[in-house]
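FYI, side chains are in, hydrogens and waters are out, and symmetry mates aren't considered; it's all heavy atoms of this structure. Throughout, protein chains are lettered first and strands after them, A, B, ... in sequence-line order, and every chain is numbered starting at 1.
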Amino acid sequence: MSVKAVAAAIVAALALSLPGVALAQAWSYTDGSGKTVSLDHVPTRIVAHANAAAGLIALGIRPVGIYVDSPVADDKSLEGLDLTGIEIVGEAWGEINVEKTAALKPDLIVAEWWPLDNAWSGLNDKLEQVSKIAPVTGPAQGASIVTLIEDYEKLAASLGADLSAPEVAADKKAFEDAREKFKAALAAKPNLNVLAVWAGTDALYVAATAGAAELSDFASWGMKLVDPAVADDRGYWETLSWEQADKYQPDLVIVDNRSATTIETAKDQPMWTAIRAAAAGQVTDWPAFWLRNYKAYAGALDKLTTAIAAADENLGD
Amino acid sequence: MSTTGFAPVGTVVAVRRRLQRRYALVMALLAVLTLAAIGLALAVGDYPLPLAEVVRSLLSPFTGNVEPAGDFIVLGVRLPRAVAGLLAGGAFGLSGVLFQSVLRNPLASPDIVGITMGASATAVAAIIVFDWSGTAVSLSACVGAVVIALLIYGLSWRNGVTPYRLVLIGIGMSAIAGAVVSYLFTRARIFDVQEALAWLTGSLNGASFEHLAPLALALLVLTPVAAVLWRSLNALQLGDDTAKALGTRVELSRLGLIIVAVLLAAAATAAVGPVAFVAFVSGPIARRLLGPAGNALLPSALVGGLVTIGSDFVAQHMLGRNQLPVGVVTGAFGAVFLIYLLAAAHRSGRGG
Amino acid sequence: MAEAAASAKGLAPSARAGGLVVLAGLLVAVLVLSIAVGARAIPLSDIWSALVAFDPSQTNHRIILDLRLPRTLVGLLVGAALGLSGAILQGATRNPLADPGILGINAGATLCVVLGISVFGITQLSGYVWLAFLGAGGATVAVYLIASLGREGATPVKLALAGAAVTAVLTSVTSAILITSVETLDQIRFWQVGALTGRTNEILLQVTPFILAGIVLALATSRILDGLALGDDVARGLGMKVQRSRALVGLAAVILAGAATAAAGPIAFVGLTVPHVARAFTGPNYRWLLPYSMLLAPVMLLGADIVGRVIVPPGELQVGIVTAALGAPFFIALVRRRKLAEL
């Protein structure tokens, strides 16, 4: 045996005998920005943006750290997830704590790619420093939440998640059932028109379907959404003065529920009830922009299904 | 120099000496405090790093004793951050004291007369309308500051420029720029609003030496220019009529100083965003420390740097779990300082 | 500065009363327009019947009575309050840059509203009113106390600096909250612009007594202001109690500006510029300057609001944006064209 071979054998033996260290297995992932990240091992220590964490935790991948755009309690996407043992390394927008993150010694940072902004979610001007700690990657936000969740499934599987584990499979099953019920409820009300809104004291904002991935999903499952003709180019909203609040007369109004106060604001406006569906109480939640896993999606769909089933489809225009 | 003979001469000399001593004392105090603040900023952080390790890392470019993880924290994160605070704060402080002196109004700092607002409007438009980020935003901020300054000066010109008219027109332009920002805020997606707000607050996040190079260059070139023009500024402070009588070319000196002040504010804003209140507060603090001991130029710059670094330390390490951008704290930090000086002032308060 | 003041006496004294009448006529016209014009085209006949024979089942009637009428009246009161408070503050502090913002009023009101949203989850505009008032008053008291510290008391320069300092502290806290709370930011960004939309009869009732009281008090201070304009020493020589006078003017200003901000959010530009415009007509005499400012400001505010309602259909532009976007060029042109009377 040559000296080289002996050395190699010793190294291999050492690697095998070290507890918890598997034989290095190369890992690579092509992310939402089109870039491929390659590492010489499967990453195990992940720091994730809140939305990405909501996608991954539900699939059994637990990050070591999470950075959030707001206090954790305010983040809709993390609602109901067990975060024990996960370090919070940022609770304000763009304020991921670089030193805390570095101290966690992560081997991967997972965020969401925003194609519109050419940016990774929540990293802002700290991207340069953070990507020196570990590569930044993740799926792209797109036209469908289902596709986004499937992207998380791919990423999680590559990171070693067991997608057939009972809990994970049950969540997916619950979602699929909820979707069937949702479709059925819509099929039973062929005339039902739905308006998705955000309400401010200054105006009523009507969402364009293409501006929100879950609205695109709903539309593809048969929901007839009012799609405003004059959408704001960037925000995908049509701004209606409260004097014009009755421009659309849908049968069901769904209100952005990122903040619980939005519906309260709406109810305070004298012209809110000029929308007949609102006056009749045919109003429910729109899980706007924050769904990242099957469990949350199933819950949101069930709520919508109930509202659809209870709605009078001939109330609006 | 004779200290005997005519009593008045002796008194004048003695007073001048006392003033010089006070100036030296204030400068030394500010320098020591600034160094202490930088030291603190380098030594403290969430990444566990013993002091010896910090020192090793600082010396590593000379000793070659490299340790990637520690060096990243000290040389890649903490040091650029402290330097950014020092340079930007210094530039804001200088800019502010120049504005306040030329315009003879303690409220006439670049934040009030619209320079910062102009920079903010173009930067927020860059973020919200064009989805730019990084250098592009900084550049648009710079362009915005210079353009609004030119507009203000041009619009104020009417057989010369009086400070009063300049300030009023500055406020008008500031309101227009502010309306642009407000409009974009109400129209944008909330994500973009957050990004814009973060920029508007001003932060030292992501500071790196490459990003700071233009600001360092600006300071290097503009500080001596400011110092040269400062002499004529002192003449200006006697009032237009007196200054004219002294043969100072009032208009030119004023224009020169304003250009320097605008460029400083623009460079600092481009580097770290419109960090609140530093430009406003540095001059008055320096003046109150100096008393009648004159030349507030360098002291104001040091106060600016000190306020910024000190505020960043508070924002990063002393507000619980959250790290906040420096602009959140400069207001409070600088203001408390100023309030203390206002309350403690024994002699009649001086304008700027 | 003396030469500028001398050449800018404004209208001849005999024409000043006439000017005031013209201004009042203009205000009535703007009030009528404000009820008639909006984001929704409503026929004049409907407007009339809404006022004389209200029918709640008609959307047009509800828009007139629930939206446009309170909005117009709030605009009238807020405008008058801002114009007056700006004029008396500039007089009391002898600083042409003084506006309600200078006493920390906007910053105090904003902070309290932000706290109300983020801590107590208050979302109703009518709920903001008391918070804003509380914040405005608290901030002003703090500014005055700080400026009074030290030997020489509350001089104009110290008031200005203390006001800016307190504003800075309050704004710091506000932005700390906004940066960490998206929800609050989402709510406050519409309030912070300054707007008359969504102002209901309830808000009108809440602020009316304060603004009326403030107007009476402010108009009564015109002689004090004429005295203070001569400088503290001269005023003292004339037998005035300078500190007490200044405090009285400050009280009137905070009642007016506090109530205005409570009702409409921080509208910055009106209080600052209207007195300068008014001064072009009246000269530095406060007996005329105050009523001119009081009538001119609501004309400007409501005029801007009307433009904002029709300029981006079917949406609206907040009045705070329009006052700045339209008012500022006008103000700049005025500053350029005339030799403005200084303080």
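- With hydrogens and angles ignored, the 3.5 Å screen pairs a side-chain donor or acceptor of C/R189 with a backbone N or O of B/F185.
- B/F313 meets the ring pair (Phe, Tyr, Trp, His ring centres under 6.0 Å) test with B/H317; sequence neighbours excluded.
- In terms of heavy-atom pairs under 4.5 angstrom with chain C, the leader among B/L197, B/L324, B/L319 is B/L197.
- Ring geometry for B/F277 against B/F280 counts as parallel: the plane angle stays under 30°, on a 0 to 90° scale with 60° as the upper cut.
- Judged by distance alone, the side chain of B/S300 and the main-chain N or O of B/A296 form a donor-acceptor pair under 3.5 Å.
- In this structure, no portion of C/L326 lies under 4.5 Å from any heavy atom of chain B.
- With a 4.5 Å cut-off on non-hydrogen atoms, C/T180 touches chain B through its side chain but not through its backbone.
- B/Y183 touches chain C through backbone and side chain together, each having a heavy atom under 4.5 Å away.
- Of the listed residues (B/V329, B/V167, B/I171, B/T201), the greatest number of heavy-atom pairs within a distance under 4.5 Å of chain C belongs to B/I171.
- Residues B/T269 and B/F92 form a side-chain contact, since some pair of their non-hydrogen atoms from C-beta on lies under 4.5 Å apart.
- Residues meeting the side chain to side chain donor-acceptor pair (under 3.5 Å) test with B/D312, sequence neighbours left out: B/R81.
- Residues of residues 315-324 of chain C having a heavy atom under 4.5 Å from any heavy atom of chain B, listed by number: C/E316, C/L317, C/Q318, C/I321, C/A324.
- In terms of non-hydrogen atom pairs under 4.5 Å with chain C, the most contact-rich of B/A198, B/S182, B/A315, B/S156 is B/S182.
- One N or O on the side chain of B/S95 and one on the backbone of B/A261 form a donor-acceptor pair closer than 3.5 Å.
- Between the side chains of C/R279 and C/Q90, a donor-acceptor pair is found at a separation under 3.5 Å.
- With sequence neighbours excluded, the residues that form a side chain to side chain donor-acceptor pair (under 3.5 Å) with C/D232 are C/R94, C/R246.
- With respect to chain B, the highest number of heavy-atom pairs below 4.5 Å among C/V193, C/L149, C/I179 belongs to C/I179.
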